There are 2 protein chains.
Amino acid sequence: MKTNFPITCKGIDYPSLLENFKVLLKRNGLKYTLQREHILKILYKSNKHLSPELLYNEIKLDAPELNIGIATIYRTLTLLEEAELVTSISLDKQGKKYELADKEHHDHMICTNCGKIIEFIDNEIEERQKQISKQHQFKMTGHSMQIYGLCNECQQNNKEK
Amino acid sequence: MKTNFPITCKGIDYPSLLENFKVLLKRNGLKYTLQREHILKILYKSNKHLSPELLYNEIKLDAPELNIGIATIYRTLTLLEEAELVTSISLDKQGKKYELADKEHHDHMICTNCGKIIEFIDNEIEERQKQISKQHQFKMTGHSMQIYGLCNECQQNNKEK
DNA sequence: GTCGCTGCAAAGTCTTTGCAGAGAG
DNA sequence: CTCTCTGCAAAGACTTTGCAGCGAC
C-alpha cells in the first residue's frame, strides 16, 4: 500500500488534528474507525515515544469498552508510519517506539539509565549530513541519530550513591 | 559480567589479533575456545556487518565439524560486545548486526534498497555532538547515526528502469 | 578435578497473519 | 451491500535459558 500524507501534527490542537486525520484517511482510501482515533489521541496526548505495548495499555485504560487488540495497534502503527503520520525510532533493547510526526525533524538523546528521551535539532549536523551524502554519491532520504549517555538527573543520583 | 578490553582490531593482521584476543580473554577470566576463535575469525575476514544468523551460517560453512550452535553465537556476541571487542548497530527491520570494534568510531549510511552499508567518520559532527550534550547537561557515553537512502549503484539501476 | 562453555531443545519475547464476523461508507 | 477493519488465536521470527555433558586450564 502506498500512501501520500503531506502533514504536520504537533503544535495543533486535537480537534484540528483529528479533522486532518479524517481527511487524510479518506484521501488514502482508508476508513475512519474508533480504534484509529484512539491511537491518534493517545499519541497526541502523551506527546512522547510509545512502544506498541504501552500504547495498547494506555488505550485499554482510556477506553476499556473498545476492547482493542494488540494486533490492531501494530497494524495501525505500520500504516500510520507509511503514511508519515507517525515516526519511529528503534532502540537496541527496547524495540521500536512511535511518536506523532513532527513538523520539524529532530534527533534523540537517550538516557541509558532511566530511558528518558530528550529531543533536539541541530542544523549544523543536518547540513553536514547532506554534504557527506553528496560526497559519497548517496541519495539521502532520511537519517536518525541517537546520543546515548546519562541525563542530568541520573548523573546526580549516581553521585549520591 | 564486567570486562575491560582496551583494544583496537582492524588494521592488524589476523595472527596478531588472535594473540590479542587470547590475552584479553584471559585477562577477563574467560576461556579460549575454538567456537570463540571462529567467531572472531569470520568477523575479521568478512570485515562487514553480520547478523547472528549470517555469522552462524558462515561458521557452519567454514568449519562444519565444529557443529557450532546458534546459541553460542548469541552468547558470544553479547559477551564480546560487553567487552567492546565488537560493536553492533540495530536496523529497524533487519535486527542487530555486528562488526569487529574499530580503532576509529564511525557512522553508517544504509541503502534502503540493497542493504549496503557504507561507513564514514566526520569529525565536525562528532564535535558538534559533544557540544550539544554539554548544552543539555547530558553525559554522552556513545552515539550512533545512520543516514538512510539510495547508494550510487541503486540510483543508477532505478534510472534504467 | 573444577568450573566455564557448549549444543540441544524448550521457552520466551515481540510481531505478524488467517479467519470469520463487525462495521464504515 | 461491499469491502475494509477488527479481535482472537495461532503462527512466525528472533533471542534467551536450563541442563547435562564436554573441555580448557
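A, B, ... follow the sequence lines: proteins, then strands. Residue 1 opens every chain. This is a predicted model, so every value here is computed, not measured.
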- Query: In whole angstrom, what separates A:H38's NE2 from D:dT6's P?
  - Reply: 13 Å
- Query: Heavy atoms under 4.0 Å, any strand shown: does A:R75 hit a base, just sugar-phosphate, or nothing?
  - Reply: base
- Query: Can you check the B:N28 CG to C:dG4 C1' distance for me, whole Å?
  - Reply: 14 Å
- Note on the structure: Whole-Å distance, A:Y56 OH to C:dT13 P, equals 16 Å
- Message: Nearest to the side chain of A:N67, heavy atoms from C-beta on, is which of C:dA9, D:dC8, C:dC5?
- Response: D:dC8
- Item | Contact under 4.0 Å: A:T33 side-chain N or O vs D:dT6 OP1/OP2 | yes
- Item | Atom pair distance, as rounded to whole Å: CD in A:E65 and P in C:dG23 | 13 Å
- Message: Using whole Å, what does the distance between atom C1' of nucleotide D:dT4 and atom CZ of A:R27 come to?
- Response: 20 Å
- Among C:dA24, C:dT15, D:dT15, the one nearest any side-chain atom of B:P52 is D:dT15
- Query: Any idea which of C:dA9, C:dT6, D:dG7 is nearest the B:T76 side chain?
  - Reply: C:dT6
- Query: Just to confirm, is there a sub-4.0 Å distance from OP1 or OP2 of C:dT6 to any side-chain nitrogen or oxygen of B:R36?
  - Reply: yes
- Looking across every strand, which nucleic acid part, if any, lies under 4.0 Å from A:I70 by heavy atom: base, sugar-phosphate, or nothing? nothing
- Message: Measure CD/B:E37 against P/D:dA24 and give the value in whole Å, please.
- Response: 12 Å
- Note on the structure: Rounded to whole Å, the NZ-P distance (A:K96 to C:dT16) equals 8 Å
- How close or far is atom P of D:dT6 from atom CD1 of A:I39, stated in whole angstroms? 7 Å
- Output yes when B:E81 and B:K96 qualify as a salt bridge under the 4.0 Å nitrogen-oxygen rule, no when they do not. yes
- Item | Minimum-distance nucleotide to B:Y74 side chain [options: D:dT15, C:dA9, D:dC14] | D:dT15
- Message: Salt bridge check, B:E153 against B:K116: does any charged N sit closer than 4.0 Å to a carboxylate O?
- Response: yes
- Message: Name the residue from A:H49, A:K97, A:Q146 that meets the side-chain hydrogen bond (donor to acceptor under 3.5 Å, both in side chains) definition with A:H108.
- Response: A:H49
- Note on the structure: For A:I121 and A:H106, the nearest pair of non-hydrogen atoms, with its separation, is CG1-CB, 3.9 Å
- N or O in side chain of B:Q35 less than 4.0 angstrom from D:dG23 OP1/OP2: no
- What are the two closest non-hydrogen atoms of B:S46 and B:L50, and how far apart are they? OG-CD1, 3.4 Å
- Message: Measuring from the side chain of A:A71 (C-beta onward, heavy atoms only), which nucleotide among D:dA9, D:dC25, C:dA24 has the closest atom?
- Response: D:dA9
